[in-house]
Amino acid sequence: MSEKARKLFDALDLNSDGVLTRVEVITALRSKGPTLAAHGDLPFWAVGDVDASSALFDRANLDGDEVLTFEEFEHEVDRRFGW
């Protein structure tokens, strides 16, 4: 398990229910992204606009159920961010 992926997932899971919705990913990356990047928990280039955040969600949502489990999220961010 990637510790960085877990820390980022937990930061984005705004309601702490153990899954991420598209709205959570977009909202949290927009509001928390710069701070997460400043602390080294997210690459600066990954702090994007709504479309970029939505695209990240789509790429990670492998089963198409419109929520991201930690495993789906970890797979995508480890691959994308090189963790």
Side-chain angles (χ1 to χ4, degrees):
M1 174 177 72
S2 168
E3 289 182 34
K4 285 188 175 191
R6 171 51 72 185
K7 188 172 184 179
L8 182 56
F9 183 90
D10 290 345
L12 301 181
D13 187 9
L14 299 176
N15 64 359
S16 301
D17 67 352
V19 294
L20 299 177
T21 65
R22 181 183 308 276
V23 171
E24 279 181 309
V25 171
I26 291 169
T27 302
L29 283 176
R30 302 238 16 213
S31 64
K32 297 181 175 186
T35 301
L36 291 166
H39 290 130
D41 298 322
L42 179 71
F44 277 105
W45 58 264
V47 179
D49 59 12
V50 171
D51 292 336
S53 298
S54 188
L56 172 71
F57 181 91
D58 288 337
R59 282 189 302 278
N61 188 29
L62 299 176
D63 60 9
D65 66 354
E66 295 303 314
V67 294
L68 299 182
T69 63
F70 173 70
E71 291 76 17
E72 288 174 314
F73 181 79
E74 179 185 37
H75 175 77
E76 181 60 27
V77 297
D78 283 355
R79 182 194 66 76
R80 185 161 188 212
F81 301 155
W83 291 341

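Sequence positions, counted from 1, serve as the residue numbers for this chain.
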(Q) Is there a side-chain contact (heavy atoms from CB on, under 4.5 Å) between L62 and H75? Walk through the geometry before answering. (A) CA-CA 10 Å; L62 299 176; H75 175 77; 4.3 Å; yes
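- Among L68, L29, T21, the single residue meeting the side chain to side chain contact (heavy atoms under 4.5 Å, CB included) criterion with L12 is L29.
- Between L42 and A46, the shortest heavy-atom contact is CD1-CB, 3.8 Å.
- Between the side chain of H39 and the main chain of T35, a donor-acceptor pair closer than 3.5 Å is present.
- For the pair E24 and L14, the tightest heavy-atom approach, listed with the atom from each and the gap, is OE2-N, 3.0 Å.
- Tracing side-chain contacts under 4.5 Å through hydrophobic residues (I, L, V, M, F, W, Y), one never reaches L20 starting from I26; they form parts of separate clusters.
- In the hydrophobic clustering, where aliphatic and aromatic side chains (Ile, Leu, Val, Met, Phe, Trp, Tyr) are joined below 4.5 Å either directly or transitively, V23 stands alone.
- S53 approaches G48 most closely through the heavy-atom pair OG-O, 4.2 Å.
- Few gaps surround NZ on K32; more than 12 heavy atoms of other groups in view lie less than 6.0 Å from it.
- Across all non-hydrogen atoms, the minimal contact from F81 to W45 is CD2-CH2, 3.4 Å.
- Taking a cutoff of 4.0 Å between a charged side-chain nitrogen and a carboxylate oxygen, E3 and R6 do not qualify as a salt bridge.
- Side-chain N or O atoms of E74 include none that pairs as donor or acceptor with a backbone N or O of A5 at under 3.5 Å.
- Summarising the geometry of G33 relative to V47, their closest heavy-atom pair is O-CG2, 3.6 Å, with the distance given to 0.1 Å.
- Counting heavy-atom neighbours within 6.0 Å of R59 CZ, excluding the residue itself, gives a total above 12.
- Pairing each heavy atom of V67 with each of F57, the nearest pair is N-CZ, 3.9 Å.
- The shortest distance between side-chain heavy atoms of R30 and V50 falls below 4.5 Å.
- Here the CG atom belonging to D78 is positioned 9.0 Å from the CZ atom belonging to F73, to the nearest 0.5 angstrom.
- Ion pairing between R22 and E66 holds under the 4.0 Å rule for side-chain N and carboxylate O.
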